[in-house]
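Chain letters run A, B, ... following the sequence lines, proteins first and then strands; every chain starts at 1. As a basis for the values below, the full set of heavy atoms in this structure was taken, side chains included, without hydrogen atoms, waters or symmetry mates.
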Protein chains: 2
Amino acid sequence: MSEKKRGNTSLQQMMESFEEACRSADLKLTHQRLEIYRELATATDHPCAETLHRRLLKHMPTLSLDTVYRTLATFAQHHLVKKVQTVDSQARFEAEMSQHHHVICDSCKEIMDFQWGSFDAFSVPGDIEQWGSITNKNVTIHGTCRKCQATQQEVKQT
Amino acid sequence: MSEKKRGNTSLQQMMESFEEACRSADLKLTHQRLEIYRELATATDHPCAETLHRRLLKHMPTLSLDTVYRTLATFAQHHLVKKVQTVDSQARFEAEMSQHHHVICDSCKEIMDFQWGSFDAFSVPGDIEQWGSITNKNVTIHGTCRKCQATQQEVKQT
DNA sequence: ACCTCTTTAAGAATAATTCTTATTTACATA
DNA sequence: TATGTAAATAAGAATTATTCTTAAAGAGGT
Ligand SMILES: [Mn+2]
Ligand SMILES: [Mn+2]
Ligand SMILES: [Zn+2]
Ligand SMILES: [Zn+2]
């Protein structure tokens, strides 16, 4: 039971369906791809390419940052990972492909997942259905997380 | 009645409250600031800095791109404009500060506003209220707009 | 009109990402 | 298991988006 919590899907399962997806998309199963995917799949913080690279360097000292970028782009094209939309300049990524939403702390930039089934079941306003064909709808909540609230409190007291 | 549609607020009104806000924030009312704000306020497409610059060059041939970036950053700090969150590398902006949501065409990158009062009235899942203090919640819908659907149809037939 | 501080334009610099190329590797096949 | 070949990687150069530096221009108060 020492595996990271990842919704209901275990890392093992994710790795297996990842390998399967690569094979059927004719993507070679390189050490780099496997490790980059694994690192992202175990991360819960929606890391940017650089963060991912920094983490991976510990066990793969020759991994290039370019490979991380290139690989993430390839994965995204094949819908194996998602680029997360943010207001910041560095792109951030996630391996969690199932429907979920984000809370973002505007102070520390932490992005957390959450579920909102009753929203998912909601149907969009009528005029939007005219607009075109919709592939997905997501909520982003912005605010300040507890940790940052505490920190800002301390600063005030200084 | 020839003014651009801007929700219910007219451009005149926006310009007036903009000038008022600048004065009370001790921001000098320069020609550049007025024109950049006006251009963004009349745009309905959430332009990036470069697009805005290109449009403004027609009437202000010496305006520098740096000024557009710097000015938008200043405006954003003072909550006079908003940076829109996207998955693309170029930042996009809007002057519409009232609560609204976005539909984004993944093909042509067009961003359209829409209202969703019943969503706004919805309260967020309980576990999120524990997370920290929330400043806003917004929906982003992704899909393909009618125009792009039509174009893709043509391509198929070729 | 003049002073002072802010803002601007221009170009240099930086940050994030992508491209080029020589080398290495995965994996299909013999 | 060895070999051939296309795909992928590492390294560094290049590009794109944005920010910084500095000298000159302008806003707004007196
Ligand atoms: Mn997520
Ligand atoms: Mn908008
Ligand atoms: Zn935080
Ligand atoms: Zn479109």
> Quick one: B:Gln77 CD to D:dT19 C1', roughly how many Å, whole number?
Replying inline: 13 Å
>> Could you tell me how far apart B:Asp88 (CG) and D:dT16 (P) are, to the nearest whole angstrom?
In response: 16 Å
>> My understanding is that only residues two or more places apart in sequence, or in another chain, count here; which of them pass salt bridge (charged side-chain N to carboxylate O under 4.0 Å, His left out) with A:Arg55?
In response: A:Asp45
> Which residue pairs satisfy the side chain to side chain donor-acceptor pair (under 3.5 Å) criterion with at least one member in residues 30-39 of chain B, sequence neighbours excluded?
Replying inline: B:Glu35-B:Arg38
> Restricting to pairs with a member in residues 141-151 of chain B, which pass salt bridge (Lys or Arg N to Asp or Glu O under 4.0 Å), not counting sequence neighbours?
Replying inline: B:Glu110-B:Lys147
> Rounded to the nearest Å, what distance is computed from the CG atom of residue B:Leu63 to the P atom of nucleotide C:dT7?
Replying inline: 16 Å
> Does one hydrophobic cluster hold both A:Leu56 and A:Leu11, with members joined at side-chain heavy-atom distances below 4.5 Å?
Replying inline: yes
>> Going by the rule ring-ring contact (aromatic ring centres under 6.0 Å, His included), which residues pair with B:His100 if we only count those two or more places apart in sequence or in a different chain?
In response: B:His102
> In whole angstrom, what separates A:Met60's CE from C:dT25's C1'?
Replying inline: 13 Å
>> For the helix from C:dA1-D:dT30 to C:dA30-D:dT1, what angle separates the axis at the start from the axis at the finish, each from five pairs, in steps of 10°?
In response: 40°
> Linking Ile, Leu, Val, Met, Phe, Trp and Tyr by side-chain heavy atoms under 4.5 Å, what else ends up with A:Val84?
Replying inline: A:Ile104, A:Ile111
>> Listing request: all side chain to side chain donor-acceptor pair (under 3.5 Å) pairs with a residue in residues 56-69 of chain B, at least two apart in sequence or in separate chains.
In response: B:Ser64-B:Thr67, B:Asp66-B:Arg70, B:Thr67-B:Arg70
> Can you list the residues that meet the side-chain hydrogen bond (donor to acceptor under 3.5 Å, both in side chains) rule with B:Ser98, with sequence neighbours excluded?
Replying inline: B:Glu96
> So which of residues 15-33 of chain B are in contact with DNA chain C, with a heavy-atom cut-off of under 4.0 Å?
Replying inline: B:Leu27, B:Lys28, B:Thr30, B:Gln32, B:Arg33
> Quick one: A:Ile36 CD1 to D:dA8 C1', roughly how many Å, whole number?
Replying inline: 11 Å
> Rounded to the nearest 0.5 Å, how far apart are CE of A:Met15 and CG of A:Leu34?
Replying inline: 5.0 Å
>> Can you measure B:Arg54 atom CZ to D:dA17 atom P for me and round it to whole angstrom units?
In response: 11 Å
>> For a quick check, with a 4.0 angstrom heavy-atom cut-off, what is the B/S/- contact string for nucleotides 14-20 of chain C, read 5' to 3'?
In response: --SBBB-
> Residues two or more places apart in sequence or in another chain: which of them pass salt bridge (charged side-chain N to carboxylate O under 4.0 Å, His left out) with A:Lys109?
Replying inline: A:Asp88
Which atom pairs, one a donor and one an acceptor, fall under 3.5 Å between side chains of residues 117-133 of chain A and the rest of the protein, sequence neighbours left out?
unit_1   : atom_1 : unit_2   : atom_2 : d
A:Ser118 : OG     : A:Trp116 : NE1    : 3.3
A:Asp120 : OD1    : A:Gln99  : NE2    : 2.9
A:Asp120 : OD1    : A:His101 : NE2    : 2.8

